[in-house]
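Here's the structure we're looking at; comments come further down.
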2 protein chains.
Amino acid sequence: MSENLDEHIDEMLKTAGLYHTENRVLILKMLFKAGKPLSQEKIARQAGTNNLDKVTIYRTLESLFNAGLVHKAFLNKRASHYELAHRCTKKQCHPHFTCTKCGSTHCLVDLALPMPVSYHKGFIINHQQVHLEGLCPACS
Amino acid sequence: MSENLDEHIDEMLKTAGLYHTENRVLILKMLFKAGKPLSQEKIARQAGTNNLDKVTIYRTLESLFNAGLVHKAFLNKRASHYELAHRCTKKQCHPHFTCTKCGSTHCLVDLALPMPVSYHKGFIINHQQVHLEGLCPACS
DNA sequence: AAACATTTGCAACATAGTTGCATTTTTGAT
DNA sequence: ATCAAAAATGCAACTATGTTGCAAATGTTT
Ligand SMILES: [Mn+2]
Ligand SMILES: [Mn+2]
Ligand SMILES: [Zn+2]
Ligand SMILES: [Zn+2]
């Protein structure tokens with residue numbers, strides 16, 4: 001995946017019907033590399049010299065989100081975080097874990113949680129996100 | 001509970017070791033009455049004439065939160081929402097449901113979800129919050 | 001190359017939340 | 001009831017996050 005990541009990203013954008021732009025490629029690469037949810041601010045800082053405008057980052061993430069390539073992760077932070085959708089099913093993202101001591105975030109991609117079936121008459125459940133808190137291996 | 005709500009709130013504050021103030025009583029009453037998570041803005045608007053300062057609301061909620069009387073609900077909105085902790089166990093809040101059509105929020109207090117047991121060596125899971133999306137009875 | 005659609009950067013704005021500090025309220029002890 | 005200490009409140013100013021409008025730049029299609 002390391003060699004042909006560029007090709008993979010090209011394919012993702014083409015399939016999604018999105019214009020192939022420098023910023024989309026850059027941000028998708030960052031998300032692949034990070035392997036966990038990133039905020040606008042982290043992306044901006046990591047881009048450094050690339051002089052990415054804040055608004056552009058938000059709009060780029062939104063276009064990737066609308067295309068289904070990216071998910072909003074549901075952390076207990078003030079800022080939204082985005083991650084690749086490649087490790088989520090349509091109905092269920094993997095759980096996210098936040099360490100209450102060091103603040104680190106972990107994607108528990110292999111922790112399968114049951115999706116609740118229909119609740120009461122009339123409720124249709126389409127999507128689930130689970131957020132866990134506790135102590136990470138480094139802090140426990 | 002309607003008659004002795006005041007007494008109940010007095011008791012809550014006393015047990016928590018918090019000063020008994022007008023604002024704490026007012027906000028706790030609102031949260032009881034609402035039965036679902038409220039944001040600072042909703043509390044301010046509902047207080048109306050009572051002329052509650054924004055900062056005071058935040059600080060009041062924080063004191064109630066630190067005392068464990070109130071939880072932060074984890075909705076996919078920009079602003080934090082707070083609710084009474086009385087329908088949550090220490091480790092697990094009830095799931096919250098947001099309707100993607102009308103935006104309404106529902107507390108699924110009788111939907112019991114299993115708490116994931118320890119994940120990998122080193123992870124200690126202390127708390128779980130689940131957020132569901134779909135269509136509410138009015139919209140489905 | 002030309003025409004069209006989308007993306008980008010910038011400035012200005014809106015909303016959520018925080019901090020410092022002087023004043024007021026609550027509490028517990030006299 | 002009076003007083004002193006501790007905590008809560010209101011206000012102003014501030015930071016951080018996110019949004020909107022628009023002209024210029026870039027990507028796509030023919
Ligand atoms: Mn993740
Ligand atoms: Mn609730
Ligand atoms: Zn940790
Ligand atoms: Zn609805």
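These numbers come from a predicted model, not from an experiment. So that the names make sense, note that chain A is the first sequence line, chain B the second, and so on, each numbered from 1.
For the pair A:R45 CZ and D:dT17 P, the computed distance is 10 Å after rounding to whole Å. Nucleotide D:dG27 holds its P atom 12 Å from the CG atom of A:L13, rounded to whole Å. Note: NZ (A:K77) to P (D:dG18) measures 13 Å, nearest angstrom. For the pair B:L52 CG and D:dT9 C1', the interatomic distance rounds to 10 Å; values are reported in whole Å. Rounded to a whole Å, the CG atom of B:D53 is 14 Å from the P atom of C:dT18. Counting to the nearest Å, the C1' atom of C:dT7 and the CD1 atom of A:I27 are 12 Å from each other. Rounded to an integer number of Å, the gap from NZ of A:K14 to C1' of D:dT28 is 11 Å. Distance B:N76 CG to C:dA16 P: 16 Å, rounded to the nearest Å.
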Candidate pair B:L38 and B:L31, rule side-chain contact (heavy atoms from CB on, under 4.5 Å), full reasoning:
CA-CA 7 Å; B:L38 297 179; B:L31 293 175; 3.8 Å; yes

Start with the C-alpha distance between B:T21 and B:L13, add both sets of side-chain angles, then the distance that settles side-chain contact (heavy atoms from CB on, under 4.5 Å), and finish with yes or no.
CA-CA 9 Å; B:T21 72; B:L13 290 174; over 6 Å; no

Decide side-chain contact (heavy atoms from CB on, under 4.5 Å) for B:Q40 and B:I43; before the verdict, give the C-alpha distance in whole Å, the side-chain angles of both, and the deciding distance to 0.1 Å.
CA-CA 5 Å; B:Q40 175 273 321; B:I43 290 171; 5.8 Å; no

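Checking each of B:S140, B:C136, B:C139 against B:K101 for a side-chain contact (heavy atoms from CB on, under 4.5 Å) leaves exactly one that passes, namely B:C139.
At a threshold of 4.0 angstrom between heavy atoms, the contacts of B:S80 are confined to the sugar-phosphate backbone, with no base atom among them. Nucleic acid contact for A:S63: none, since no nucleic acid atom lies under 4.0 Å from a heavy atom of the residue.
A distance of 7.0 Å separates CG of B:L52 from OG1 of B:T60, quoted to the nearest 0.5 Å. Put simply, SG on B:C93 and CG on B:L113 are 12.0 Å apart, with the number rounded to the nearest 0.5 Å.
B:K72 forms a cation-pi arrangement with B:F65, by the criterion of a distance under 6.0 Å to the ring centre and an angle within 45° of the ring axis.
Cluster membership check: A:L108 shares its hydrophobic cluster with B:M115, using side-chain heavy-atom separations under 4.5 Å among Ile, Leu, Val, Met, Phe, Trp and Tyr.
Contact detail for A:G103 and A:K77: the closest heavy-atom pair is O-NZ, 3.3 Å. When every heavy atom of A:G134 is checked against every heavy atom of A:F97, the shortest pair comes out as C-CZ, 3.5 Å. Shortest non-hydrogen contact noted between A:P37 and A:T105 is CD-CG2, 4.4 Å.
Residue B:T56 has its side chain nearest to D:dT9 when only C:dC10, C:dA16, D:dT9 are considered.
One donor-acceptor pair, N or O on each side, does fall under 3.5 Å between the base of D:dG10 and the side chain of B:R59.
Of all the residues in residues 18-25 of chain B, B:Y19, B:H20 reach under 4.0 Å from DNA chain C with at least one non-hydrogen atom. Within residues 34-43 of chain A, no residue is approached by DNA chain C to less than 4.0 Å at the level of any non-hydrogen atom.
Side-chain polar atoms of B:H96 and B:Q129 form no donor-acceptor pair below 3.5 angstrom.
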Strictly under 3.5 Å: I want the nitrogen or oxygen pairs between protein and nucleotides 13-15 of chain C, one per line.
unit_1 : atom_1 : unit_2 : atom_2 : d
C:dT15 : O2     : B:R78  : NH2    : 2.8

